[in-house]
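Single-structure report; data block below.
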Amino acid sequence: MSVKDKLQTMDYDPAFESRAAADAWLDGHKRRFGHFIGGKWLKPAKAQMLPSFAPATGEVLAEISVGTHAEVTAAVKAARAAEKDWAKTSGHKRAAYLRALARLIEKHAGVLAVLEALDNGKPIRETTNVDIPASVQHFDHHAGWAELIETEFPGHEPVGVAGQIVPWNFPLLMVAWKVAPALAAGNTVVLKPAEFTSLTALYFAELVMAAGLPDGVVNIVTGPGETGALLVEADVDKIAFTGSTEVGKLIRRRIAGTGKHLTLELGGKSPFIVFDDADLDAAADGLADAIWFNQGESCCAGSRLLVQEGIAERFLEKVKVRMAAIRIGHSLDKTVDMGAIVDPVQLERIKRMVAEGTADGAKVWHAPCGLPEDGCYYPPTLVTGAGTANILMQEEVFGPVLSVLTFRTQKEAVALANNSRYGLAASVWSETVSRALEVTAALKAGAVWVNGASMFDASVGFGGMRESGFGREGGREGMTAYLVPKAERKLKDLKADAAPAGSSNAKDIDAAVEATSGAQAAWASKAAAERGTALRRIAETLDARADEFVRKLEATGSGRKAAKAEVETTIRRLFTAAALADKFEGVVHTAPLRGVAFAMNEPFGVLGIACPPEASLLAPVTLAAHALAAGNATVLVPGAALVADLKGLFAGLPVSIVTGDPAASALLLARHGMVDALWSFAGDGAVQEAAAADNMKRTWMGMAKAWDWENGTLTSGKALMERATEVKNIWVPWGDQN
Ligand code: NDP
């Protein structure tokens, strides 16, 4: 082709990145990898090896070892052996190690970018511009937290040994998301990368050695899901998991009742909402980024387009133009926009879901982009005409498939957006600030982007609501997920409760949940100060009737002094919760953005509370008051003693007080699909927690510990408000092109 022809077509020739350095590294290991345990490479297992493919071509890049019980145990033992010294290492020194890791990733960026592109199938352009620099940023950011840990998190200590299980969509970046905060907080880790994409994690092991980290602080065990399951069962103090909701639920059931800490970053079906007053060209560009970036293999992919009816046709035309221009090809070709799907298994899954959606009435349009003849490729795809229950509207495809629905009104848009079991991310496009922000507040999602998509920064927490999991990664919230208050570690065990198991009426629980859930939205939308006033009134009422309540407590067996103290503390707790209602505020992040990213503390919705047998006035009132202050409605099961009195105190507020055995009621609440969170200090926490996995309820289980209601360090104030809320991070860019 002549230069003149070229100028006419303006077409790109392939421009391949060199893979020489990556191949040299793989060859250096004879393309066979053992596990990285205690600062050393184990010899590759003889029998059990798994091939790691390049999905662009099917070429076997290397073989990885399958971690068995013996290796997982050895890795946890190594992490345990390193735990004490690492936790004692000063924050300043840990920060130096994290910075060293950041510099080493930077230094090896070229080879890491190639290795990632080869192993995952994603374009080299993305690994170079996103995966690797974002990994560097994560280590640098968390070096900062390590530096500040003594002053920013006083009274806290590391959780201990963290088992970390990561997926294949952003392999190295997920390593950074998991390892950086864990190390900054003083934990040691055992990491299991995804079986499809372990190579950059193994390269990272060498950087860990080069940085001089003490042996055993970072351990890496490769293998399939079974290896991950072994890690979940092992003697770790925390599991941090990113992956499918299905496996997340499995893990939660497995560790229920063990006291292991857990954070889950799970799937999503994120709405991308375009109003008729949006900048349609910007929205179409944003959409292309939201769904076709990383081949759609992203947990926060904007995979559900909700577009206002009047502009739908025009907008879809713009989208199709962009789709048709997407270049698909080999991951090392610098000119491609989309690479290969990670593995034939995932490609089959995408095809199966699209076929099922089509059989259920959806119409499918594939962009006319050329696909390479070999390898694992799927074209950018648009799905229209699917009903709200269609699998392509409800389930995460994890491929380049966009499903479209139209809406007429803002109310309908919000209802459609929230019609999902997931709640990870959302985008809202409108040039009208009041509309965009109102919708933002109404969405059930952990991250919401206004006039943008997929904005991330290590300083801004990321994580889901509902079945998209719980816990945040990044920022202060991400650090707290790797720390535990020292006071919590010192809690004593409760004396075994010899009382026979009681019963609870499922119909009573149903009625209570229904009543409170109907009242929650109105309660949460009241001004925070108004919620505070309502709680203050209860405090004043109790103050006025203090003597009467002292007598009631005496009648339940309390001594006079203890009864008086309990009433006084209860009044104080009510005033505290009332005060916090409008003082437990969010934060404004200083993310690198021309605009603002802010974190809002949001209530869960309906919070079930099964009270402990002790502190029969103080515990239920404290718990309910803080739950209410945060904007939740509550179903409170206080035990027999003061039911009528508590009903009187909370009259007129969204609190249903249920008689019945707290332990039996807690199990009913754990199983209830309309209960969003559960605090339970009664009965078998393991059984309740396992039951709560069904709709990914947020739980706080008493775990037969004496929570010290009198002292209140862990059971009132900010500590309790944090337990009563989850964070929504909202990104609002500003300015325009002019
Ligand atoms: P999984 O949830 O199975 O995998 C995530 C990680 O968990 C991998 O390291 C995996 O190992 C490991 N794992 C698998 N089973 C277990 C188990 N029982 N106990 C402990 N760890 C386990 O996701 P898939 O890779 O199978 O992908 C399936 C679907 O999940 C995707 O199509 C997508 O919808 C969703 N997904 C969501 C992600 C997100 O970021 N939210 C990321 C990845 C997938 P191994 O890889 O060896 O199987």
Side-chain angles (χ1 to χ4, degrees), residues 48-53 55 64-67 72 119-120 122 163-171 173-175 177-178 190-201 220-234 236 239-255 260 262-270 293-301 303 341-354 378 391-392 394-401 421-425 446-447 454 456 462-464 466-471 473 693 696:
Q48 290 176 301
M49 299 294 284
L50 280 173
S52 192
F53 297 99
I64 58 164
S65 294
V66 172
V72 170
D119 200 17
N120 170 279
K122 62 170 81 185
Q164 308 187 310
I165 302 172
V166 295
W168 42 257
N169 52 345
F170 293 94
L173 185 54
M174 288 300 108
V175 170
W177 275 34
K178 294 277 179 288
V190 178
L191 176 89
K192 196 214 75 80
E195 124 189 28
F196 296 154
T197 55
S198 295
L199 298 183
T200 46
I220 299 176
V221 180
T222 53
E226 289 76 13
T227 306
L230 288 168
L231 183 55
V232 171
E233 304 276 349
V236 293
I239 289 291
F241 171 81
T242 299
S244 61
T245 293
E246 192 191 347
V247 174
K249 287 184 180 178
L250 217 81
I251 291 175
R252 190 164 188 212
R253 289 190 191 106
R254 283 267 163 75
I255 70 169
K260 286 179 187 170
L262 179 64
T263 40
L264 297 171
E265 203 269 88
L266 308 176
K269 192 75 190 171
S270 302
F293 168 72
N294 209 46
Q295 299 71 242
E297 296 165 336
S298 167
C299 54
C300 61
S303 55
I341 300 298
V342 72
D343 190 87
V345 169
Q346 184 63 13
L347 183 61
E348 275 317 304
R349 189 172 183 271
I350 297 169
K351 287 180 179 168
R352 207 172 51 240
M353 288 181 78
V354 171
Y378 197 83
I391 187 169
L392 298 174
Q394 289 297 335
E395 286 311 318
E396 183 174 46
V397 178
F398 235 57
V401 179
R421 68 186 175 118
Y422 297 111
L424 192 55
S454 307
F456 283 93
F462 180 78
R466 297 175 164 177
E467 293 192 27
S468 292
F470 46 74
E473 293 185 298
M696 272 301 159

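One-based numbering, in listed order, for ligands and for the atoms of each. Residue indices begin at 1 and follow the sequence shown.
With 3.5 Å as the limit, one finds a donor-acceptor pair spanning the side chains of Ser52 and Asp119.
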Show the short N or O contacts, below 3.5 Å, that ligand 1 makes with protein N or O atoms; if there are none, say 'none'.
{"residue": "ligand 1", "atom": "2 (O)", "partner": "Ser244", "partner atom": "N", "Å": "2.8"}
{"residue": "ligand 1", "atom": "2 (O)", "partner": "Ser244", "partner atom": "OG", "Å": "2.6"}
{"residue": "ligand 1", "atom": "9 (O)", "partner": "Val166", "partner atom": "O", "Å": "2.8"}
{"residue": "ligand 1", "atom": "9 (O)", "partner": "Lys192", "partner atom": "NZ", "Å": "3.2"}
{"residue": "ligand 1", "atom": "11 (O)", "partner": "Lys192", "partner atom": "NZ", "Å": "3.0"}
{"residue": "ligand 1", "atom": "19 (N)", "partner": "Ala229", "partner atom": "N", "Å": "3.4"}
{"residue": "ligand 1", "atom": "25 (O)", "partner": "Trp168", "partner atom": "NE1", "Å": "2.6"}
{"residue": "ligand 1", "atom": "32 (O)", "partner": "Gln346", "partner atom": "OE1", "Å": "3.3"}
{"residue": "ligand 1", "atom": "32 (O)", "partner": "Gln346", "partner atom": "NE2", "Å": "3.1"}
{"residue": "ligand 1", "atom": "32 (O)", "partner": "Arg349", "partner atom": "NH1", "Å": "2.6"}
{"residue": "ligand 1", "atom": "34 (O)", "partner": "Glu396", "partner atom": "OE1", "Å": "2.9"}
{"residue": "ligand 1", "atom": "40 (O)", "partner": "Asn169", "partner atom": "ND2", "Å": "3.4"}
{"residue": "ligand 1", "atom": "41 (N)", "partner": "Gly243", "partner atom": "O", "Å": "3.3"}
{"residue": "ligand 1", "atom": "41 (N)", "partner": "Leu266", "partner atom": "O", "Å": "3.1"}
{"residue": "ligand 1", "atom": "46 (O)", "partner": "Glu195", "partner atom": "N", "Å": "3.1"}
{"residue": "ligand 1", "atom": "47 (O)", "partner": "Lys192", "partner atom": "NZ", "Å": "3.1"}
{"residue": "ligand 1", "atom": "47 (O)", "partner": "Glu195", "partner atom": "N", "Å": "3.1"}
{"residue": "ligand 1", "atom": "47 (O)", "partner": "Glu195", "partner atom": "OE1", "Å": "3.2"}
{"residue": "ligand 1", "atom": "47 (O)", "partner": "Gly223", "partner atom": "O", "Å": "3.2"}
{"residue": "ligand 1", "atom": "47 (O)", "partner": "Gly225", "partner atom": "N", "Å": "3.3"}

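Relative orientation of the Trp168 and Phe196 rings is tilted, given thresholds of 30° and 60° on the angle between their planes.
Here Glu297 does not pair with Lys122 in a salt bridge; the nearest charged N to carboxylate O distance is not below 4.0 Å.
For Lys269, the salt bridge (Lys or Arg N to Asp or Glu O under 4.0 Å) test picks out no residue, with sequence neighbours left out. Residues passing the ring-ring contact (aromatic ring centres under 6.0 Å, His included) test with Tyr422: none are found, sequence neighbours excluded.
Listed by first and then second residue, the side-chain hydrogen bond (donor to acceptor under 3.5 Å, both in side chains) pairs that reach into residues 345-354 come to none, sequence neighbours excluded.
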